[in-house]
**Q** 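Here it is: the structure, laid out below.
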Amino acid sequence: SIHRFLPNGSRDTSFGGGDGIVRLLDLVGTYSPAVNQFAEFPDGGIAATVVDGSSWWIVRLDSSGSADTGFSGDGILSGPWKALARRMGTNDLVVAGRNASGQLILGRLDATGALVTSFGSGGTVTSFSIDDGDSMEVVIQCDGKMLVGIGKSDGFVVARFLSDGSPDSSFGASGVF
């Protein structure tokens, strides 16, 4: 579930079904969906990565908590995306996950959920191999560079990419620290 609260700590009854709660089960239709990460938009909307077992989605809600049908037609986009961050000054999302080949994949989605083709190659960038169970976090710096942190069983890796998706060669070894 996604809950929204007012500054005084009470539930925002204008969100969800009048109780301040959006039940993900009603949106993605799986047994036990859980929010992994979320980002807020200036208009009060929310995007969240949601997981249930090995299935991942990005769910985008409008300010009332309803599925944003302008995003992917129904507000739900399935794919390998485990982490997301909103690009400041836009409604674009930078998303990260693990592709079928086991590599880190970074993408940029516009407000409709479509890949931004000027980013990387056709909207995505693939990088080094990662494990399926690795945790991820995406942070966008003020200069537009993107950091992807990957938690591993034996430590962590941080990769930095330029705003066009290319690795930042000035960071660590070829963009990886």
Side-chain angles (χ1 to χ4, degrees), residues 1-99 104-116 119 123-124 130 132-151 156 158 161 163:
S1 299
I2 298 176
H3 302 246
R4 188 160 74 186
F5 296 91
L6 298 171
N8 67 6
S10 64
R11 288 185 194 248
D12 181 352
T13 57
S14 70
F15 185 78
D19 58 2
I21 302 172
V22 172
R23 289 160 183 78
L24 295 171
L25 176 63
D26 297 338
L27 292 175
V28 296
T30 63
Y31 180 67
S32 58
V35 172
N36 188 52
Q37 291 183 343
F38 72 95
E40 294 181 89
F41 294 91
D43 66 0
I46 296 172
T49 54
V50 177
V51 61
D52 188 356
S54 62
S55 298
W56 288 87
W57 301 271
I58 295 175
V59 173
R60 179 136 178 201
L61 307 173
D62 64 19
S63 61
S64 72
S66 297
D68 181 349
T69 57
F71 182 81
S72 189
D74 61 0
I76 302 168
L77 179 67
S78 63
W81 313 119
K82 292 184 171 187
L84 60 78
R86 184 178 66 84
R87 287 183 38 133
M88 296 305 289
T90 73
N91 284 327
D92 289 2
L93 295 170
V94 173
V95 292
R98 180 179 181 264
N99 68 13
L104 170 67
I105 183 169
L106 190 66
R108 184 170 158 199
L109 303 175
D110 67 15
T112 69
L115 290 168
V116 175
F119 181 84
T124 64
I130 59 174
D132 189 35
D134 291 347
S135 61
M136 283 184 207
E137 181 78 29
V138 177
V139 175
I140 302 173
Q141 297 178 187
C142 293
D143 62 3
K145 293 177 182 174
M146 298 154 289
L147 293 168
V148 180
I150 302 166
F156 68 93
V158 177
F161 298 86
S163 61

**Q** Find the distance between CE (Met146) and CD (Gln141) and round it off to the nearest 0.5 Å.
**A**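 These two atoms lie 9.5 Å from each other.
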
**Q** For Ala48 versus Val35, what's the shortest heavy-atom pair and its separation?
**A**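 Reported closest heavy-atom pair: CB-CG1, 4.1 Å.
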
**Q** Can you tell me how far NZ of Lys145 sits from OG of Ser163, rounded to the nearest 0.5 angstrom?
**A**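 The OG atom of Ser163 sits 9.0 Å away from the NZ atom of Lys145.
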
**Q** Show your reasoning for whether side-chain contact (heavy atoms from CB on, under 4.5 Å) applies to Val59 and Phe38.
**A** CA-CA 9 Å; Val59 173; Phe38 72 95; over 6 Å; no

**Q** If the condition is side chain to side chain donor-acceptor pair (under 3.5 Å), which residues does Asp74 pass it with, not counting sequence neighbours?
**A**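 By the side chain to side chain donor-acceptor pair (under 3.5 Å) rule, Asp74 matches no residue at all.
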
**Q** How long is the span from the OG atom in Ser14 to the CG atom in Leu6, to the nearest 0.5 Å?
**A**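 Ser14 atom OG to Leu6 atom CG measures 7.0 Å (nearest 0.5 Å).
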
**Q** Mind checking the CG-CG spacing from Asp68 to Asp62? Nearest 0.5 Å is all I need.
**A**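 Between atom CG of Asp68 and atom CG of Asp62 there are 6.0 Å.
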
**Q** Check for a donor-acceptor pair, side chain of Arg4 on one end and backbone N or O of Gly65 on the other, with a separation under 3.5 Å.
**A**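 The answer is no, because no donor-acceptor pair under 3.5 Å joins these two groups.
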
**Q** Work out which heavy atom in Trp56 is nearest to a heavy atom in Trp81; give both atom names and the distance.
**A**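 It is CE3-O, 3.5 Å.
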
**Q** Going from CD1 on Ile105 to CG on Asn99, what distance comes out if it is rounded to the nearest 0.5 angstrom?
**A**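 Reported to 0.5 Å precision, the distance equals 5.0 Å.
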
**Q** For Pro33 and Leu24, which heavy atoms make the closest approach, and how far apart are they?
**A**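 Result for this residue pair: CG-CB, 3.7 Å.
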
**Q** Using the rule given for side-chain contact (heavy atoms from CB on, under 4.5 Å), can you reason through Arg60 versus Leu77, listing the C-alpha separation, both sets of side-chain angles and the distance that settles it, and then say yes or no?
**A** CA-CA 9 Å; Arg60 179 136 178 201; Leu77 179 67; over 6 Å; no

**Q** Give the minimum heavy-atom separation between Leu61 and Phe15, together with the two atoms involved.
**A**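 Result for this residue pair: CD1-CZ, 4.1 Å.
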
**Q** Identify all side-chain donor-acceptor contacts of residues 84-97 below 3.5 Å with residues at least two apart in sequence or on another chain.
**A**
{"from": "Arg86", "atom 1": "NE", "to": "Glu40", "atom 2": "O", "distance (Å)": "2.8"}
{"from": "Arg86", "atom 1": "NH1", "to": "Thr90", "atom 2": "O", "distance (Å)": "3.0"}
{"from": "Thr90", "atom 1": "OG1", "to": "Arg87", "atom 2": "O", "distance (Å)": "3.0"}
{"from": "Thr90", "atom 1": "OG1", "to": "Asp92", "atom 2": "N", "distance (Å)": "3.0"}
{"from": "Asp92", "atom 1": "OD2", "to": "Arg108", "atom 2": "NE", "distance (Å)": "3.0"}
{"from": "Asp92", "atom 1": "OD2", "to": "Arg108", "atom 2": "NH2", "distance (Å)": "2.7"}

**Q** Would you say the side chain of Pro80 lies within less than 4.5 Å of the side chain of Arg98, judging by non-hydrogen atoms?
**A**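 Not touching, per the 4.5 Å side-chain cut-off.
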
**Q** For the residue pair Gly75 and Ala67, what are the closest heavy atoms and their distance?
**A**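 That closest heavy-atom pairing would be CA-CB, 4.4 Å.
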
**Q** Hey, is the main chain of Ala83 close enough, under 3.5 Å, to the side chain of Thr49 for a donor-acceptor pair?
**A**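 Not confirmed, Thr49 side chain does not pair with Ala83 backbone.
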
**Q** With a 4.5 Å limit on heavy-atom distance, are the side chains of Leu104 and Met136 in contact?
**A**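 In short, these two side chains touch, coming nearer than 4.5 Å.
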
**Q** For Phe156, is the CZ atom crowded, meaning more than 12 foreign heavy atoms sit under 6.0 Å from it?
**A**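 No, because the 6.0 Å sphere around CZ of Phe156 holds 12 heavy atoms or fewer from other groups.
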
**Q** Does the side chain of Leu109 reach to within under 4.5 Å of the side chain of Leu115, using non-hydrogen atoms?
**A**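 Yes, side chains in contact.
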
**Q** Who passes side-chain contact (heavy atoms from CB on, under 4.5 Å) against Thr112, sequence neighbours left out?
**A**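 Asp110, Ala114.
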
**Q** Once you round to the nearest 0.5 Å, how far does NZ of Lys82 lie from CD of Glu137?
**A**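 Lys82 atom NZ to Glu137 atom CD measures 13.0 Å (nearest 0.5 Å).
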
